[in-house]
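Below is one structure, written out as structure tokens, with a few remarks after it.
Residue numbers start from 1 in every chain, and the chains themselves are labelled A, B, ... in the order their sequence lines are given, proteins ahead of strands.
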Number of protein chains: 2
Amino acid sequence: MANIQHVAKQAGVSVATVSRVLNNITTVSPKTRLKVESAIKDLNYEPSMLGRNLRNSESRLLLVLIPSISNPFYTEIINGIENTAIANNYNILLCETDSNPQRENIYFNMIKNKLADGVISMDPAVNMQKLNELAEQYPIIQCSEYEEGGSIPYVTIDNELAAYRAVKHLIKLGNKRIALINSDEKFLYARQRRNGYERALKEFDLPIREEWICNTNQLDFENGIQAMRKLLQQPEKPSAVFAVSDTLAIGALKEINASQLKVPDDIALIGFDKISFSNMTNPTLTTVSQPMYKMGSTAANMLIGSIKGNKVESIILDHELVIRESTMG
Amino acid sequence: MANIQHVAKQAGVSVATVSRVLNNITTVSPKTRLKVESAIKDLNYEPSMLGRNLRNSESRLLLVLIPSISNPFYTEIINGIENTAIANNYNILLCETDSNPQRENIYFNMIKNKLADGVISMDPAVNMQKLNELAEQYPIIQCSEYEEGGSIPYVTIDNELAAYRAVKHLIKLGNKRIALINSDEKFLYARQRRNGYERALKEFDLPIREEWICNTNQLDFENGIQAMRKLLQQPEKPSAVFAVSDTLAIGALKEINASQLKVPDDIALIGFDKISFSNMTNPTLTTVSQPMYKMGSTAANMLIGSIKGNKVESIILDHELVIRESTMG
DNA sequence: CTGAAAGCGCTAACAC
DNA sequence: GTGTTAGCGCTTTCAG
């Protein structure tokens with residue numbers, strides 16, 4: 001494998017000159033530049049990032065922490081991150097933590113080991129203490145999930161407001177018995193969405209009934225099925241359900257269908273995230289859309305800014321209620 | 001940031017000794033080892049991968065090329081790759097090519113630049129000429145999609161046989177008018193699955209009718225909807241449909257429902273891949289299951305073997321027809 | 001058992 | 001405009 005020395009020798013110049021050509025530094029005469037370029041071609045030379053990165057003490061790799069790659073919610077965000085990264089000559093290292101602290105540690109070490117220049121964390125279950133420690137020394141951005149009052153910059157949406165609007169939509173449709181399928185309330189977004197749910201109910205003098213509030217451990221379809229099963233066993237069944245993720249809502253829909261009830265006639269249903277499947281269900285799912293691509297690109301831009309040493313501010317992006325068949329009575 | 005020199009000075013030893021401790025080389029007296037370890041702790045030292053990798057001329061990064069992260073088919077494969085990689089002290093760089101040659105080039109350069117030690121390609125649209133060139137110099141494995149008669153080792157399933165079995169299942173159910181929703185036949189798997197489809201029809205003396213064969217550009221839901229719409233416009237409608245991916249089948253199901261027909265009574269339906277959503281549709285989808293996790297871990301093991309300089313052989317894994325509601329008349 | 005020193009491939013002063 | 005050289009952080013001979 002050819003290296004910079006071989007090129008220098010072949011071109012009859014010094015390594016410094018080769019480096020100058022490689023980095024497009026202007027102070028090289030057209031004649032020498034030509035010589036170098038032809039030597040590069042002759043030897044089929046490709047500069048080694050390893051050497052360059054060591055010298056520049058940077059890896060040009062961004063770490064992206066997600067709990068699970070199989071949650072479609074993340075795919076568009078990742079697209080946004082990746083495109084922005086590539087446009088800035090970075091690459092991303094996608095890291096599935098499975099919300100497993102050991103896995104997480106491996107990745108945290110990568111940044112300590114200089115194998116990554118910064119981190120975008122989307123894991124709601126991330127160890128915040130460690131993340132905060134890391135943030136003292138390395139550039140870190142939180143995306144979607146964040147720590148209230150924390151010092152790590154984040155990009156997210158107003159979860160409380162989004163939930164409030166979704167539930168208000170159900171109320172306006174005439175629903176008075178509205179259930180909530182929430183994820184684990186150790187997560188900030190879960191607490192925020194519950195707050196929005198409760199605010200809407202209170203505003204219209206509807207009671208908050210614990211038996212209509214289900215919490216799930218995870219966001220898989222199966223969790224939605226289980227939660228809905230529980231709700232349907234209540235003596236007084238809800239007439240509408242707000243689920244904090246489309247995957248949960250799709251599971252709920254499956255269970256509603258299985259018990260011979262109809263959406264939206266018997267039970268109206270709203271999900272969250274606007275994943276692509278949510279338009280394939282029968283009926284199609286009303287859902288809250290987050291600007292996922294933009295969230296990703298914003299997070300990446302913030303991180304790259306932070307790596308450059310800029311001060312970056314947290315950002316709240318807009319959301320939108322997408323009304324489809326599951327709430328069209 | 002502390003480096004190996006600082007640790008050496010603090011411990012009162014040479015950098016060589018620190019390196020020995022770091023790499024668990026036995027020829028270090030317990031006493032010095034202790035000194036070094038305490039110095040490492042004191043200084044909060046983390047070895048730099050950049051330096052280590054340059055010295056060892058390896059990056060311990062594996063490149064994984066996929067056409068699109070949003071296709072759920074890949075998620076389990078990636079899990080398999082990732083777990084195997086981590087177990088062997090590698091990390092993976094997940095690269096979405098969008099089947100875009102420019103994007104692909106960026107990633108191909110990464111391996112030339114020594115930023116990755118090897119490649120697992122899952123992109124059916126990959127530029128085979130370039131991949132073959134690259135394979136002369138670097139370790140490369142193909143996963144799922146491959147080149148017939150090529151020299152790059154691969155792991156896959158028997159697509160022809162899988163399609164044959166799926167269609168035979170439809171025939172055994174009494175169907176005589178069986179349509180095929182295939183992807184672009186520039187892809188090997190598409191040609192293989194078509195062959196299997198035709199073999200089953202021929203074996204039972206059923207005609208192969210071009211108007212019952214649809215080809216789509218991509219594997220999105222929307223493509224399945226379009227294809228099914230075309231099939232339903234035929235003067236003689238098929239009584240069963242075999243789609244070469246679950247996403248296509250789910251789109252087809254959506255369209256069948258929209259035209260007031262029932263699956264499986266009016267039209268039986270089979271997909272391919274057993275993505276998690278295929279169990280959430282109504283009715284649930286009969287599909288061909290591939291051992292995705294195993295495919296991923298096998299590919300990773302093959303690649304790591306190849307990096308070590310081993311000779312690796314291509315592998316064909318088993319598949320399974322998963323019969324669910326969409327073919328239960 | 002330990003240390004000195006070379007060198008992986010590159011960039012950036014500094015000198016001319 | 002171009003060359004010389006130090007050094008990024010690490011591993012690994014080779015001596016002792």
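For the contact set between residues 40-49 of chain A and DNA chain C, defined by any heavy atom under 4.0 Å, the members are A:Tyr45, A:Pro47, A:Ser48.
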Which pairs of donor and acceptor atoms, one on a side chain in residues 4-18 of chain B, lie under 3.5 Å apart (sequence neighbours left out)?
{"unit_1": "B:His6", "atom_1": "ND1", "unit_2": "B:Asn3", "atom_2": "N", "d": "3.1"}
{"unit_1": "B:His6", "atom_1": "ND1", "unit_2": "B:Asn3", "atom_2": "OD1", "d": "3.4"}
{"unit_1": "B:Gln10", "atom_1": "NE2", "unit_2": "B:Asp42", "atom_2": "OD2", "d": "3.3"}
{"unit_1": "B:Ser14", "atom_1": "OG", "unit_2": "B:Ala16", "atom_2": "N", "d": "3.3"}
{"unit_1": "B:Ser14", "atom_1": "OG", "unit_2": "B:Thr17", "atom_2": "N", "d": "3.4"}
{"unit_1": "B:Ser14", "atom_1": "OG", "unit_2": "B:Thr17", "atom_2": "OG1", "d": "3.4"}

Counting only pairs under 3.5 Å, give me each side-chain donor-acceptor contact of residues 89-96 of chain A, with atom names and distances, residues two or more places apart or in other chains.
{"unit_1": "A:Glu96", "atom_1": "OE2", "unit_2": "A:Ile69", "atom_2": "N", "d": "3.1"}

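When the side chain to side chain contact (heavy atoms under 4.5 Å, CB included) test is applied to B:Gln102, the partners found at least two apart in sequence or on another chain are B:Asn100. For the side-chain hydrogen bond (donor to acceptor under 3.5 Å, both in side chains) test, residues two or more places apart in sequence or in another chain that qualify with A:Ser29 are A:Thr32. Shown here are the side chain to side chain contact (heavy atoms under 4.5 Å, CB included) partners of B:Asn109, two or more places apart in sequence or in another chain: A:Glu46, B:Lys112, B:Asn113. The side chain to side chain contact (heavy atoms under 4.5 Å, CB included) search around B:Ala190 returns B:Asn182, B:Ser183, B:Glu185, B:Phe187, not counting sequence neighbours.
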Review item, nucleotides 12-16 of chain C N/O atoms under 3.5 Å of protein N/O:
{"unit_1": "C:dA12", "atom_1": "O4'", "unit_2": "A:Arg55", "atom_2": "NH2", "d": "3.4"}

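When the local axes at the two ends of the helix from C:dC1-D:dG16 to C:dC16-D:dG1 are compared, using 5 base pairs at each end, they differ in direction by 40° after rounding to 10°.
Residues in residues 292-308 of chain A take part in these side-chain hydrogen bond (donor to acceptor under 3.5 Å, both in side chains) pairs, two or more places apart or across chains: A:Asn83-A:Tyr293. Within the structure, every pair that satisfies the salt bridge (charged side-chain N to carboxylate O under 4.0 Å, His left out) test and touches residues 51-80 of chain B, not counting sequence neighbours, is listed here: B:Glu58-B:Arg60.
On the nucleic acid side, DNA chain D contacts chain B at distances under 4.0 Å to non-hydrogen atoms, with the end points of that region at D:dG9 to D:dT13.
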